[in-house]
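Letters A, B, ... are given to chains in the order of the sequence lines, protein chains preceding strands, and every chain is numbered from 1.
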Protein chains: 2
Amino acid sequence: MARPSNAAETPEPADESYDLAEQVGFIMRQVAQRHVSIFNEIMGTDLTPTQWAVLARLYQDGGSSQNLLGRQTAMDAATIKGVVDRLLKRKLVQTKPDPEDGRRLIVELSPAGIDYTRELLPKAETVTKVTLAPLATNQRATLIALLKQLR
Amino acid sequence: MARPSNAAETPEPADESYDLAEQVGFIMRQVAQRHVSIFNEIMGTDLTPTQWAVLARLYQDGGSSQNLLGRQTAMDAATIKGVVDRLLKRKLVQTKPDPEDGRRLIVELSPAGIDYTRELLPKAETVTKVTLAPLATNQRATLIALLKQLR
DNA sequence: GGGATATCGTTCGTATACGAACGAGGATCA
DNA sequence: TGATCCTCGTTCGTATACGAACGATATCCC
């Protein structure tokens, strides 16, 4: 059986022209999948992209409250909690209450987490390089610029 | 506390230059989040982007085996099974064994699924339009072309 | 024919992702 | 001070996402 056709109906040009494979959302999902695959190959499977985002952000800026950390790494409160919990279990981060705000939980890298992150930084750069490898240098800049407009 | 510094160590230019917010993977995740948010607003919350991908693909091409359907919609065997199961529960798709291959399960739209998909197609096009709205027309084509090279 | 190999669907475990609801703590303002 | 509103962290439920392992079925090839 081919695509459900209805010769009796008035043709709707808009409907006929929809091709899943041409939609930005679908293409982006595929690109993201390739990127994660590259990430896993290069970084090793024991760390996820999301977990790495947290480590990298903490390495750059030092500790912050859990919610703020979530905002900085593009995760909502429920998601960042799970990620921080798993990093806590691996002793890569540590937490303490904020003395100035009883609601806040400060999250920061543990000494082991600092070392671990520093070791992985070159690999993380490689991940980006390999992901963008199919593009020419000027194309890479163009892509990043366009994507930033769609955030 | 700022970023963990080590004045005593030899500076590593590569490490110092890593900025999470500038990595393709991170930016793409943010763009994907915005896209899903737009999708939910326009389509209504009762259908996910992945479920929609299955409906749209089945509408375009008719039924196919569950595994092939997964490949066409960029999902692995375990993921497509869950999606098909949920669409089955909502009676938007139906399945039957492949008479020519005892291993295969043929998945196709139900009559209700065909109607439902047809109704949603214009909205799905709007999702893409709104997602790309911040870009000029020629920029949209450029972005799609670049992304396709990174699949 | 029959054994090696590959594919298909299923299940399990783990990790995002996020809406919704909740209680505790903080800030604002009358 | 106290009522109101906001923020923060937590928990629950649901839906991807995918590696790994498994049994059933096909196919290949000698």
Side-chain angles (χ1 to χ4, degrees), chain A residues 25-26 28-41 43-55 64-90 92 95-107, chain B residues 25-26 28-41 43-55 64-90 92 95-107:
Chain A
F26 184 70
M28 273 199 308
R29 193 150 62 87
Q30 292 179 292
V31 175
Q33 285 174 356
R34 171 169 167 274
H35 176 257
V36 173
S37 165
I38 291 170
F39 179 96
N40 288 333
E41 272 180 36
M43 302 284 277
T45 48
D46 56 344
L47 203 67
T48 66
T50 336
Q51 290 170 2
W52 168 251
V54 169
L55 295 184
S64 65
S65 77
Q66 188 172 276
N67 266 19
L68 177 57
L69 181 59
R71 263 174 263 131
Q72 292 169 333
T73 52
M75 300 174 217
D76 77 348
T79 302
I80 189 67
K81 186 193 179 351
V83 176
V84 166
D85 281 351
R86 284 180 284 273
L87 290 175
L88 273 175
K89 202 187 300 176
R90 294 177 58 175
L92 294 174
T95 60
K96 62 184 180 189
D98 185 336
E100 293 176 1
D101 190 333
R103 300 167 301 176
R104 291 204 175 107
L105 184 68
I106 294 180
V107 184
Chain B
F26 183 70
M28 273 199 307
R29 192 150 63 86
Q30 292 179 292
V31 175
Q33 285 174 357
R34 172 168 165 275
H35 176 258
V36 173
S37 165
I38 291 169
F39 179 96
N40 287 334
E41 272 179 37
M43 303 283 278
T45 49
D46 57 345
L47 202 65
T48 67
T50 336
Q51 290 170 2
W52 168 251
V54 168
L55 295 184
S64 65
S65 79
Q66 188 173 275
N67 266 20
L68 177 57
L69 182 61
R71 263 174 263 129
Q72 292 169 334
T73 53
M75 300 175 217
D76 78 348
T79 303
I80 190 67
K81 187 195 180 346
V83 176
V84 166
D85 282 351
R86 283 180 285 274
L87 291 174
L88 273 174
K89 201 187 304 178
R90 294 177 58 176
L92 294 174
T95 60
K96 60 183 181 191
D98 185 336
E100 293 175 1
D101 190 332
R103 299 167 301 177
R104 292 205 175 107
L105 185 68
I106 294 180
V107 184

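To the nearest 0.5 Å, the span separating CG on A:L92 from CG on A:L47 amounts to 7.5 Å. Atom CG of residue B:L55 and atom CZ of residue B:R90 lie 8.0 Å apart, to the nearest 0.5 angstrom. We find the OG1-CG distance between A:T95 and A:L88 to be 5.0 Å, quoted to the nearest 0.5 Å.
Atom CZ of A:R34 and atom P of D:dC18 are 15 Å apart (whole Å). Taking atom CZ of A:F26 as the reference point, atom P of D:dA17 lies 11 Å away to the nearest angstrom. Rounded to whole angstrom, the span from the CE atom of B:M75 across to the C1' atom of C:dT16 amounts to 16 Å. Rounded to whole Å, the distance from CD on B:E41 to C1' on C:dC18 is 15 Å. We find that CG of B:L87 is positioned 8 Å from P of D:dT16, with the value rounded to whole Å. Separating the CH2 atom of B:W52 from the P atom of D:dA15 is a distance of 19 Å, rounded to the nearest angstrom. Here the C1' atom of nucleotide D:dA17 and the CD atom of A:Q30 are 15 Å apart, to the nearest Å. As a whole-Å value, the separation of A:N40 CG from D:dC18 C1' is 9 Å.
Closest-nucleotide positions on DNA chain C for A:P99 and A:D76 were compared, and the one nearer the 5' end corresponds to A:D76. Closest-nucleotide positions on DNA chain C for A:Q51 and A:E100 were compared, and the one nearer the 5' end corresponds to A:Q51.
For A:R29, a side-chain nitrogen or oxygen approaches OP1 or OP2 of D:dA17 to under 4.0 Å. The phosphate of D:dA17 has OP1 or OP2 within less than 4.0 Å of a side-chain N or O from B:T50.
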Please table the atom pairs, donor to acceptor, closer than 3.5 Å between any side-chain atom in residues 69-78 of chain B and protein atoms at least two apart or in another chain.
unit_1, atom_1, unit_2, atom_2, d
B:T73, OG1, B:L69, O, 2.7
B:T73, OG1, B:G70, O, 3.3
B:D76, OD1, B:A78, N, 3.3
B:D76, OD1, B:T79, N, 2.8
B:D76, OD1, B:T79, OG1, 2.8

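At the heavy-atom level, A:G102 lies under 4.0 Å from the strands shown only through sugar-phosphate atoms. If you check every strand for non-hydrogen atoms under 4.0 Å, A:V83 touches sugar and phosphate atoms only.
With sequence neighbours excluded, the residues that form a side-chain contact (heavy atoms from CB on, under 4.5 Å) with A:D98 are A:E100, A:D101, A:R104, A:I106.
A salt bridge links A:D85 with A:K81: the distance from a Lys NZ or Arg NE/NH1/NH2 to an Asp or Glu carboxylate oxygen falls below 4.0 Å.
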Query - Sugar-phosphate or base contact per nucleotide [nucleotides 3-14 of chain D; S, B, -; heavy atom under 4.0 Å] - result: ----BSSBB---
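Listed here is the closest heavy atom pair of B:A53 and A:R29: CB-NH2, 4.1 Å.
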